[in-house]
Amino acid sequence: MSERTVSLKVTRYRPGQDSTPTAQSYEVAYPDDWVVLDALNFIKDHVDGTLSFRWSCRMGVCGSCGMMVNGEPRLTCSAFLREFDSQEIRIEPLAHFPVIRDLVIDMSGFLDKLKSVSPWIIRDTEKDPSEGEYLQSPKQLDAYHPFTACINCLLCYSACPIFGLETDFIGPAALALAHRYNEDSRDQGSAARWNAINDHNGAWQCTFVGECSVVCPKSVDPAAAIQRLKVDTAKQWVRSVLLPWGQK
Amino acid sequence: MSMTVTHDILIVGGGGAGLRAAIAAAEHSAGLSIALVSKVYPMRSHTVSAEGGAAGVMREEDSLDQHARDTIFGSDFLADQDAVEALVQEAPRELIQLEHWGCPWSRDPDGRISVRAFGGMSVDRTLYASDKTGFHMLHSLFQTSLKYDNIVRYDECFVTSLLIDDGKVQGVAFVNLFSGRVQAIHAKVVIMCTGGCGRVFPFTTNAAIKTGDGMALAYRAGAPMKDMEFVQYHPTGLPGTGILITEASRGEGGWLCNKDGYRYLQDYGLGPPTETPVHRKMELGPRDILSRCFVQEDQKGRTFEGPHGSYVHLDLRHLGEKLIDQKLPFVRELTRNYVGIDPVVEPIPVRPVVHYMMGGIHTDIDAKTPLDGLYAAGEVACVSINGANRLGSNSLTECLVFGARAGRAAAEYALDQPAPATNPVEALASDEQRRLDAQFFRKEGGTENVADIREAMQQTMEEGAGIYRDEARMQQTCNDLRELRERFANIRIEDRNDIFNTERIGALELDYMLEVAEVIANSALLRRESRGSHTRTDHPERDDANFLKHSLAYRTETGPRIEYAPVSITRWQPEERKY
Amino acid sequence: MTRNRPDPSLLFHPRMPGNWWLRKRTYFLFIVREFTSVFIAAYLIVFLVQLYQLGNGPGAYQAFMGQFASPGWIGFHAVALAFAIYHSLTWFYTTSIVIPLRIGAMVAPRYVFTLLNVAVWLAVSAAILAIYLIW
């Protein structure tokens, strides 16, 4: 297999030592089938063991290895080096997030946001499993299924300038998940999620740039989910004003 | 300054089994405080990569006895039959429970959960969520776990030892990746749910995090490791990366063809080949047999040669674009993204790849290990329902059934334990900090590169503990591993920054892998028969008279000491395993 | 609930550069769309004044309308019209996302719904124009 060489310009940030991140370049010779993550692992194993980054499944489903590659949020396990024409590839931590170290971002804020939308099935009455499954037609499944594909890789947050400006914005992935549960025929919890979605930091914070859906590696389309949430919350609001007695 | 906190139950690992155990314990009693410690955020756990489905009896034409028999037969009669009966009996309830928690199972037109065919199963009984079943199970469990306020997570904390006091497991010590500091959590009971150790081999479907952490932790604390010689090769991984191409692709009707386009499995007693799939035949044979067929076909020179070794073709073209998009969309996504092949128009190159450990920490049917205060569930444990060969789609079910059992049993155990008068783990934690500083974190000198030792270990494991094994090569592997252990004492760690120091974690993981690799190789060496996935060219027959028993490895300073324990046989007497 | 978080004092907090909206075409188009609101609002104010003048009698109205012939006002109206069209088109596109158009079991591509919106818009505009001309 033919080998080519590329220079990876990698962001380094050593907490306690550096006040701001710096860039460090590594020359890597690579075979045709290497992805950016392979190059980073080569560096880690054989060139510089002090470089830190997250990765695990290397098949685009665990969501760990998102980084900015030449300024675009990508899963590095599926970003082939051969895609890039440039002699130099910039590798930076996912944009807009606080950086813990090197390419490792702080995602604890995202986990709080995830919980804030109550991403679980909410029901008025639970059915015991011994009584069997809740029936759900393939059509009912299709209604929410695309929004179940989110791997929480956070690329959408890095693509969203609103999140960059307002870091309290619940953001694309968590809102898409709220929509996913609202649309699930087994769920009865949309009223319980209303406050979080309708909050100042909820769906209305979104001004529909649309980049979240462009960068999503799983075609989740959070932009669409959020616009639909806006319509739903607006409808719910109108209903609560016009038919206050109809509300629980 | 005290860094020690206390919980009733502590679970190590946030994958399918760990999350299920946490929810089971949380539901058992709202008064219990449950800690979930994981080296990654739970949704990164390797359960996420499981594709094909989860088995359970859901239909009138199926029966618990059939599921049990298929599983026991598939295990080459090494599974404990009482455990298998518990598995098949509780599987339907667990799978429906998961449905109630939001898992987007694929559906039939009438709204019921769909089932599909899987290798070694005599009926369609594998529930699936397209071909991302593990992903959907994990996210459903994780999201559901968020609603329990008594589940407290410690994300990105790497456990370095079990704390034992008064003859009982009383908590864990871990490195907090965010600070680099060693902390301890005291708990009345610990449940180990860290999954397998595929990364001891060079070519595996397993994620980078599958380094046998829990196995090594329990083994070092004195728990025996059961049946570790049984390593499952999955017949269809992508050459080079080892990315899994699900068995469901064969369940839906895919064909395995050699370089002449010939469905070679018919030459190995799995025929006759039919247009549509027949249960337990041809491509729906069990994984151990299919992997051996590949090696034999390769030896006959009838496989393709590629840059990453020989391979055969998995042909899905005749299934058509519609079915592939509907039932195998992830297969299409993976092959397009990673090898530039569209299975609608081209066959997929595949070869056998290390996938799953049948063995693990010895537990009883309630997930209890011989160590007081330690439970285990999922791939890290060996109950055993998988014996010498696991059937595809039984492992996700195992995570649910035995995860739940572990959670409930540990909850009962914790409720029976008195609150400790003093916190016993405080001193042990500072001992652990000193040990880690000396051996790893502040280690001076050292010349060996961690990655070099890891690669040497993986190489010798493939040579000595692969699909076909023999005495001489296994002995060589055992010797190599001892030597690598010595080299490991001389490793070099350059990174002195405490925050998110992955060089240290990589070294600690290799420490665990060397431990587990040695158990695999030594257990294999002493099992002088062929059974399930353990195939010896020097002992090609199954030997029930001498080896219808579990091997149990105990740690000693000079290496594993292997003992044996009987197999539980209830209603299915051993017979020849022929498909 | 997660108990483990990084020490906030050791984190590096990135800041958005001032020119972030020039770095990507989509960001730029987004900012333009936001900016169009200014002109649409300005046009609305002009329109309200126009209505007010209509209430002040034919003389006042004619005098007010006379100013519109100046190049400045024509320019303003041209820009406001262009931005209004841009804004409307992006709105039509947004609607296609919020309301997926189903034909049987299939969801139609988004541009179909966008084009449908545009078609309805043109038809209504044509109808208004026709009514005006016939009147």
Side-chain angles (χ1 to χ4, degrees), chain A residues 1 14-17 31 33 35 41 44-46 48-64 78 100-102 104 107-108 111 114-115 118-121 123 126-127 129-138 140-141 144-145 148-152 177 181 184 186-187, chain B residues 40-41 43-46 48-49 92-94 96-97 99-102 104-113 129-130 132 135-136 139 143-144 146-147 155 178 207-209 240-241 243-244 307 330 333-334 337-339 449-452 454 492-495 497-503 506:
Chain A
M1 213 173 284
R14 284 150 292 220
Q17 294 167 256
D33 58 358
V35 292
N41 272 318
K44 177 86 184 163
D45 285 347
H46 301 292
D48 182 355
T50 69
L51 178 65
S52 277
F53 50 94
R54 292 188 180 105
W55 73 289
S56 184
C57 78
R58 55 81 180 86
M59 57 191 279
V61 72
C62 79
S64 309
S78 53
I100 296 176
R101 171 177 177 166
D102 297 344
V104 180
M107 54 180 282
S108 53
L111 278 122
L114 195 67
K115 185 172 177 178
S118 307
W120 51 79
I121 295 280
R123 293 193 54 94
E126 299 274 350
K127 185 162 125 180
S130 63
E131 295 166 53
E133 70 255 57
Y134 299 117
L135 294 181
Q136 185 167 67
S137 70
Q140 287 173 316
L141 175 67
Y144 73 92
H145 196 263
T148 63
C150 171
I151 59 173
N152 299 352
L177 204 59
Y181 279 98
D184 192 322
R186 299 167 291 186
D187 182 80
Chain B
V40 292
Y41 281 97
M43 66 278 201
R44 311 301 190 211
S45 306
H46 185 54
V48 84
S49 299
R93 185 186 171 90
E94 282 298 325
I96 290 170
Q97 177 66 74
E99 192 273 334
H100 290 193
W101 285 336
W105 295 116
S106 295
R107 303 284 179 154
D108 283 358
D110 64 4
R112 290 193 302 169
I113 301 172
S130 69
K132 289 188 188 172
F135 164 79
H136 286 303
H139 281 254
Q143 287 157 17
T144 300
L146 295 174
K147 75 178 174 186
D155 298 321
F178 295 146
I209 54 174
T241 56
I243 289 171
L244 172 69
F330 195 37
E333 181 187 324
L334 287 170
N337 285 354
Y338 291 93
V339 284
N449 179 3
V450 166
D452 290 344
R454 190 178 66 225
R492 182 182 70 242
I493 296 182
E494 287 166 342
D495 193 348
N497 192 314
D498 285 334
I499 315 290
F500 224 96
N501 186 322
T502 49
E503 193 182 27

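Below, read A as the first sequence line, B as the second, and so on, with proteins coming before strands; counting in each chain starts at 1.
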- Query: Using a cut-off of under 4.5 Å for heavy-atom pairs, which of B:T241, B:I493, B:D498, B:V339 has the most such pairs with chain A?
  - Reply: B:T241
- Counting heavy-atom pairs under 4.5 angstrom with chain B, the leader among A:A149, A:S56, A:G132 is A:S56
- Note on the structure: Under 4.5 Å to a heavy atom of chain A? For B:H46 that would be neither
- Portion of B:R454 that has a non-hydrogen atom of chain A nearer than 4.5 angstrom: side chain
- Portion of A:L51 that has a non-hydrogen atom of chain B nearer than 4.5 angstrom: backbone
- With a 4.5 angstrom heavy-atom cut-off, which part of A:I100 approaches chain B: side chain, backbone, both or neither? both
- Task: Check whether A:R123 gets within reach of chain B through its side chain, its backbone, both or neither, counting any heavy atom under 4.5 Å.
- Result: neither
- Message: Could you check whether any side-chain heavy atom of A:Q136 comes within less than 4.5 Å of a side-chain heavy atom of B:W105, counting everything from C-beta outward?
- Response: no
- Message: Please identify which of these residues, A:R14, A:R101, A:K44, meets the salt bridge (Lys or Arg N to Asp or Glu O under 4.0 Å) condition with B:D495.
- Response: A:R101
- Note on the structure: When the 4.5 angstrom heavy-atom criterion is applied to A:V61 and chain B, the contacting part is both
- Task: With a 4.5 angstrom heavy-atom cut-off, could you sort out which part of A:R58 is near chain B: side chain, backbone, both or neither?
- Result: both
- Task: Could you have a look at A:L141, A:D102, A:N41, A:N152 and say which one has the most heavy-atom pairs with chain B under 4.5 angstrom?
- Result: A:N152
- Using non-hydrogen atoms only, which part of B:F135 is less than 4.5 Å away from chain A: side chain, backbone, both, or neither? side chain
- Note on the structure: Under 4.5 Å to a heavy atom of chain B? For A:S108 that would be both
- Query: Heavy-atom distance under 4.5 Å to chain B: side chain of A:Y181, backbone, both or neither?
  - Reply: side chain
- Interface check, chain B: of A:M59, A:E126, A:K127, most non-hydrogen pairs under 4.5 Å belong to A:M59
- Where on B:E333 is there a heavy atom nearer than 4.5 Å to chain A: the side chain, the backbone, both, or neither? side chain
- Query: CG/A:L111 to CE/B:M43 distance, rounded to the nearest 0.5 angstrom?
  - Reply: 4.5 Å
- Residues B:Y338 and A:G60: closest non-hydrogen pair is OH-N, 3.3 Å
- When heavy-atom pairs shorter than 4.5 Å are enumerated against chain A, which of B:Q97, B:R93, B:H100 gives the highest number? B:H100
- Interchain contact, B:N449 with chain A, by part (heavy-atom threshold 4.5 Å): side chain
- Item | Minimal non-hydrogen separation, A:C57 against B:S49, with atom names | CB-OG, 3.8 Å
- Task: Could you tell me which portion of B:I209 (side chain, backbone, both or neither) has an atom closer than 4.5 angstrom to a non-hydrogen atom of chain A?
- Result: both
- Query: Is it the backbone or the side chain of B:D452 that comes under 4.5 Å from a heavy atom of chain A, or both, or neither?
  - Reply: side chain
- Note on the structure: Comparing B:A451, B:G506, B:G102 against chain A, the one with the most heavy-atom pairs below 4.5 Å turns out to be B:G102
